Protein chains: 2
Amino acid sequence: MAGRIAAVSIVEAVASDLRLRIFSGELPSAHALTETEVATSYEVARPTAKASIEKLVAEGLLVRGVHKTARVADLGPESVRDIYLARAYLESEVLRRLAAARTVPTGAVQANRDIAALATGAPLDVVEPDMRFHTSLIDAVGNERISRMYSSLVAEVRLCMSRVQSLHLLDTALIQAEHQKLLELIEAGRGEEAARLLDQHLGRARERLVAAMGGEAGPEADLPSGLANQ
Amino acid sequence: MAGRIAAVSIVEAVASDLRLRIFSGELPSAHALTETEVATSYEVARPTAKASIEKLVAEGLLVRGVHKTARVADLGPESVRDIYLARAYLESEVLRRLAAARTVPTGAVQANRDIAALATGAPLDVVEPDMRFHTSLIDAVGNERISRMYSSLVAEVRLCMSRVQSLHLLDTALIQAEHQKLLELIEAGRGEEAARLLDQHLGRARERLVAAMGGEAGPEADLPSGLANQ
DNA sequence: ACATGTGTACTTGTTAGACAATCGATGAGT
DNA sequence: ACTCATCGATTGTCTAACAAGTACACATGT
């Protein structure tokens, strides 16, 4: 079904294609991914397919227990809140830091220009440049570990996005405007305000996502609750 | 050489034992870990050994390029700064959050009691309860992803610690006192002060670690620089 | 009819052995 | 002494196979 790919590593190539198929929605939530199934469809050996699957399990895109077949992760509203809270933790500190150095990453500027350019296109096309915008901010601090953590969160966000077909999910113009404001605040060295705006920005996106997934809205938009009982 | 272990999964068991051997210093930095070598020493098949090694590579404890043998990660001062900065990002937000809810995790209280109890023992014994203290704080927010990220950072910190034999590295009494102060600030709901104290706490530990590794000190202790050029 | 036990098919965990591709180093030639 | 080629070692991947565990359906008993 899926064509063969040639890259640095076979297991990496298979994993990449599976990733795309998951993000595209071709593989729906809770869809079972048998090792032999993957092996035959990509014409690779079962150990290779196994390694690919385990890679995606490590990334959180698939879940599986011992001796059970891997399934596409089915993320609920709680997971979405977890993911967005983690994003906020990392990114708000990053904004403070960038603002302190008055560093405006060119990649983020370009990404937001791209968002503005497709303002008339399909609403779901905004996801890629939006993620690129945020990732550019993170990468600008040059911390390998933080970048890795964030990209793992981005992968989960994209997974969530692919489960939602509501076209009214995203207000492209608003997103673009808030991104612009964030960049301006960074340039002006106003880190605290940038961090606060980011919290609202992410909180809004989170609640829209939760709503589109059928979950009920959280208590407040900009400061999510949910502290574990000790 | 290493005895066999029986657990849920063989590759997990092998990975765990390798982890311990790395943390204990038995496997020094840049030590090569051949797949066949691991396979024969644990009496497992090579694919199993391979999987264990790849697991540790994913955790950052081992490094390896394509077609090259895995080696124990050799973390330099830059890595230490990256790790501690990432810790600060996560943990400072966690402290603000815990303080807002005035939630003092019992696990952290117990961990700090343990530190106080062994105030007369070997200085390196403080590492385990110290990590437990910080991990308890993180886990208290109940965010699975943040906990996972943090534990990955803790693993790297422990790797660094095992490379350092300087016994004057840690001032147990000071650590214990600062932990106590952190808990009090949380209980009092003074999140900002807690976050600031944490920055100093981690910054001090970081610079001691860097110094013990032979690196030169960073510019300032509580607000590490190192912004990537654009 | 319902609950319970059994059994079979499917899937995963692990192993063995093998071959090609690649990396590192040693040795030969200039 | 320096460059290049050959060789050994190591990894990537495959085929084949067996053991072990899970899940579902079937049959049985109450």
Side-chain angles (χ1 to χ4, degrees), chain A residues 1-19 21-22 26-74, chain B residues 1-19 21-22 26-74:
Chain A
M1 173 192 259
R4 64 183 326 132
I5 323 130
V8 284
S9 161
I10 294 186
V11 345
E12 179 52 43
V14 172
S16 289
D17 195 63
L18 283 177
R19 225 189 318 260
R21 289 170 65 191
I22 293 173
E26 179 187 339
L27 302 175
S29 275
H31 178 84
L33 267 176
T34 302
E35 293 185 357
T36 57
E37 186 182 307
V38 173
T40 58
S41 73
Y42 286 95
E43 295 177 20
V44 298
R46 191 163 72 92
T48 305
K50 182 188 185 67
S52 303
I53 290 175
E54 274 165 359
K55 203 169 175 56
L56 295 182
V57 168
E59 291 177 22
L61 266 44
L62 300 179
V63 293
R64 114 154 120 177
V66 282
H67 273 293
K68 295 179 69 175
T69 123
R71 293 180 171 281
V72 177
D74 188 12
Chain B
M1 173 192 259
R4 65 184 322 131
I5 321 133
V8 285
S9 161
I10 295 186
V11 351
E12 180 51 45
V14 172
S16 289
D17 195 62
L18 283 177
R19 226 188 319 259
R21 289 170 65 190
I22 292 172
E26 179 187 337
L27 302 175
S29 273
H31 178 85
L33 267 177
T34 302
E35 292 185 359
T36 57
E37 184 182 308
V38 172
T40 57
S41 73
Y42 285 96
E43 295 176 22
V44 298
R46 192 162 73 92
T48 306
K50 182 188 186 67
S52 302
I53 288 175
E54 274 165 1
K55 202 168 175 57
L56 296 182
V57 168
E59 291 177 22
L61 266 45
L62 300 179
V63 294
R64 113 154 120 177
V66 281
H67 275 292
K68 295 179 69 175
T69 123
R71 293 182 172 279
V72 176
D74 189 12

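Basis for what follows: all heavy atoms, side chains included, without hydrogens, waters or symmetry-related copies. All chains are named by letter (A, B, ...) in the order of the sequence lines, taking the proteins before the strands, and each is independently numbered beginning at 1. Note that the structure is a prediction, hence the values are computed from the model and not measured.
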Could you list the protein-to-nucleotides 16-19 of chain C atom pairs, N/O on both sides, closer than 3.5 Å?
from	atom 1	to	atom 2	distance (Å)
dA18(C)	N6	Arg46(B)	NH2	3.2

Value rounded to 0.5 Å, distance of CG in Leu18(A) from CD1 in Ile53(A): 7.0 Å
Contacts of Ala45(A) that satisfy side chain to side chain contact (heavy atoms under 4.5 Å, CB included) - sequence neighbours left out: Pro47(A), Thr48(A)
For Ala32(A) and Glu37(A), work out which heavy atoms get closest and say how close. O-OE2, 3.7 Å
List for me each residue that meets side chain to side chain contact (heavy atoms under 4.5 Å, CB included) alongside Ala73(B), sequence neighbours excluded, and say none if there are none. Val63(B), Leu75(B), Leu159(B)
Mind checking whether Leu62(B) and Val72(B) have side chains closer than 4.5 Å, heavy atoms only? yes
Any residue in residues 28-38 of chain A with a heavy atom nearer than 4.0 angstrom to DNA chain D? Just list them by number, or reply none. none
How would you list all residue pairs meeting side chain to side chain donor-acceptor pair (under 3.5 Å) that involve residues 62-73 of chain B, not counting sequence neighbours? Glu35(B)-Arg64(B)
What is the first contacted nucleotide of DNA chain D and what is the last, in 5' to 3' order, if contact means an atom lying under 4.0 angstrom from a heavy atom of chain A? dT13(D) to dA23(D)
Using the closest heavy atom to pick a nucleotide of DNA chain D for each, name whichever of Ile53(B) or Ala49(A) lands nearer the 5' end. Ile53(B)
When you measure from every atom of DNA chain D, which of residues 54-74 of chain A have a heavy atom less than 4.0 Å away? His67(A), Lys68(A)
Return the value, rounded to whole Å, for the distance between atom NZ of Lys50(B) and atom P of dG13(C). 17 Å
Global bending angle along the helix from dA1(C)-dT30(D) to dT30(C)-dA1(D), which compares the axes of five pairs at either end, to 10 degrees: 10°
Sorted by chain and residue number, the side chain to side chain donor-acceptor pair (under 3.5 Å) partners of Ser16(B) (sequence neighbours excluded) come out as Glu12(B), Arg19(B)
What residues form a side chain to side chain contact (heavy atoms under 4.5 Å, CB included) with Thr40(A), not counting sequence neighbours? none
